[in-house]
Amino acid sequence: MIEVKNIRKVFDPGTINEHVAINNLHLMLNEGDFITIVGSNGAGKSTLLNIISGSLEADEGLILLNGVDVSHLKEYQRAPYFGRVFQDPMKGTATDMTVLENLSLARGRGKTRSLFRWSIRKNDKEFFIEQLKSLDLGLENKIHQKVGLLSGGQRQALTLLMATMSQLPSHKQIRKDYVRFEAKDKAKAKLEVETAYKNLHQEFLNKKQEIKNNKKLSIQEQREQIKEAFNKFDQEFRRFDVTKPVLLLDEHTAALDPKTASKVLELTNKIVLENHLTTIMVTHNMADAIKYGNRLIMMSNGNIVVDIQGEEKQKLTIEQLLNMFSSASKDDVMSDSAILG
C-alpha cells in the first residue's frame with residue numbers, strides 16, 4: 001500500500017540550529033491500517049505526514065504508493081491519493097466560501113475544470129446534504145452559510161468529510177492510475193481497463209435509452225432508474241480502482257474543547273471504518289492513541305521506537321506505553337498533555 005523507505009530530513013543543516021527531524025525512518029502501511037502516532041514535541045510526527053503528503057521534500061529516501069515511487073510528485077499531484085486534516089480547524093477550507101461551495105471544491109479536487117464554468121449540479125447538492133446529515137451536527141441546514149461562521153467542531157467535521165470525499169477518483173483517474181500503479185505490462189493494462197470501461201459504459205447507455213423509451217414510467221421514475229443504472233455502472237467499474245483512500249490526520253482535535261474533540265474522534269472512527277480508509281492519525285493524547293486504530297506507533301528523535309498492533313495494542317495501558325517509551329527513547333521527555341490528555 002504505502003511504504004516510507006529510509007526517509008531522512010534535516011532542518012538547518014550545517015548550522016548551530018541543525019535538527020534531524022526524521023532519521024532513516026522506514027514504515028510500511030497495509031491497506032486498511034488505522035495507525036495512531038504519539039511522541040514528544042519535535043519527535044518528527046508532523047514532519048512525517050508532511051513528507052508523505054508532499055508538502056515537504058525529504059533529503060533522502062522514497063515514498064512508495066502501491067510499489068510505485070511518488071517521491072518526485074508535488075503536493076498537488078499527490079492530492080488525488082491523500083486527504084489531510086490539520087490541527088487548525090480553519091485549514092483545509094475556504095472560510096469565505098459556503099459549506100456547499102467547499103464541498104464542491106473538495107469533490108472536484110484533482111479534476112480539470114474551467115474557471116469560467118463554475119456550477120453546482122442538483123444531484124451534487126443532494127449528495128452533499130446526505131453526507132452532511134451523516135455527521136449529525138446540523139450542517140445540512142447550513143449549506144449556504146460561510147465556513148468561517150461555523151464552530152471549531154463543525155469546521156473540523158466538515159474538513160474531515162471533505163478530505164475523505166475527495167478520495168473518490170473520477171473514472172478518468174481510475175483508468176490512468178490502473179496503468180500507472182498496477183501493471184508491469186502497461187499496454188496490456190491500458191487495453192484491459194479501456195475495454196472494460198467502454199463495455200460497461202455502453203451497457204449503461206443502452207439501459208438509459210431503454211428506460212427513456214418506457215412510456216409507462218413517469219419522468220421521476222425514469223430519473224430514479226437512470227440514477228440506479230449509473231450507480232451500478234460506477235460501482236462495477238470501480239473494481240479497477242487500485243489507489244485506495246489514504247487519510248492523514250495531524251492532531252486534528254488538539255484545538256477543540258474535550259467534548260467537541262471526543263465527538264470529532266468518534267466521527268473520525270466511524271468514517272474510517274465504514275469506508276475502510278488507510279489512516280495515519282498523529283495525536284498528543286496517549287489515551288486516544290490506545291483507544292483508536294489497530295496499530296500504534298511511538299516516535300522519538302525522528303524515528304520509530306514502538307510499533308504495536310492487534311490484541312497487544314487493545315490491552316495496552318498508558319503506564320505500559322510510558323514504560324515502553326522510557327526504555328526505547330534517549331534523552332526524550334513526553335509532555336504532560338500526552339500523558340494526561
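Counting from 1, the numbers follow the sequence of the chain as shown.
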For Phe240, is the NZ or CZ atom of Arg175 found under 6.0 angstrom from the centre of its six-membered ring and inside 45 degrees of the ring axis? no
In the structure I gave you, are the side-chain heavy atoms of Val99 and Leu103 within less than 4.5 Å of one another anywhere? yes
Qualifying residues under side-chain hydrogen bond (donor to acceptor under 3.5 Å, both in side chains), relative to Gln202, sequence neighbours excluded: Asn206
salt_bridge(Glu228, Lys232) N-O dist < 4.0 Å: no
Heavy-atom side-chain contact between Glu140 and Glu130 under 4.5 Å: no
Side chains of Leu158 and Leu132: does their closest heavy-atom pair fall under 4.5 Å? yes
I'd like to check the ring pair (Phe, Tyr, Trp, His ring centres under 6.0 Å) partners of Tyr292; sequence neighbours left out, ordered by chain and number. none
Whether over 12 other heavy atoms sit under 6.0 Å from Lys176 NZ: no
Quick one: do the Asn301 and Asn23 side chains pair a donor with an acceptor below 3.5 Å? no
Whether Lys198 and Glu194 form a salt bridge (side-chain N of Lys/Arg under 4.0 Å from carboxylate O of Asp/Glu) is what I want to check. no
Side-chain donor-acceptor pair under 3.5 Å between Tyr81 and Asp177, yes or no? yes
Determine, stepwise, if the pair Phe230 / His201 fulfils ring pair (Phe, Tyr, Trp, His ring centres under 6.0 Å). CA-CA 9 Å; Phe230 177 81; His201 189 245; 8.4 Å; no
Does the side chain of Met299 come within less than 4.5 Å of Val305's, by heavy atoms? no
Do Asp250 and Ser46 have side-chain N/O donor and acceptor atoms under 3.5 Å apart? yes
Would you say Gln77 and His72 are linked by a side-chain donor-acceptor pair, where the criterion is simply a distance under 3.5 Å? no
Can a side-chain donor-acceptor contact be found between Asn50 and Ser55 if the only test is distance below 3.5 angstrom? yes
Nearest heavy-atom contact between Thr278 and Gly32 is OG1-N, 2.8 Å
Taking the side chain as every heavy atom from C-beta outward, state whether Leu249 and Ile280 have any pair of such atoms under 4.5 Å apart. no
Does Lys263 come within less than 4.0 Å of Glu266, counting only side-chain N to carboxylate O? no
Hits for ring pair (Phe, Tyr, Trp, His ring centres under 6.0 Å) against Phe86, two or more places apart or cross-chain, chain-then-number order -> none
Do Ser71 and Asp69 have side-chain atoms, one donor and one acceptor, less than 3.5 Å apart? yes
Residues in side chain to side chain contact (heavy atoms under 4.5 Å, CB included) contact with Asn231, at least two apart in sequence or another chain: Lys227
Lys/Arg-Asp/Glu bridge criterion (N-O < 4.0 Å) met for Arg8, Asp59: no
Identify, with sequence neighbours excluded, every residue that meets side chain to side chain contact (heavy atoms under 4.5 Å, CB included) alongside Ala21. Phe11, His19, Thr47
For residues 141-153, dump all side-chain donor-acceptor pairs below 3.5 Å to protein atoms at least two apart in sequence or in another chain.
from   : atom 1 : to     : atom 2 : distance (Å)
Ser151 : OG     : Gln154 : N      : 3.2
Ser151 : OG     : Gln154 : OE1    : 3.3

We want to know whether Asn41 and His284 form a side-chain donor-acceptor pair, criterion being a heavy-atom distance below 3.5 angstrom. no
Under a 4.5 Å cut-off applied to non-hydrogen side-chain atoms, are Gln225 and Leu217 in contact? yes
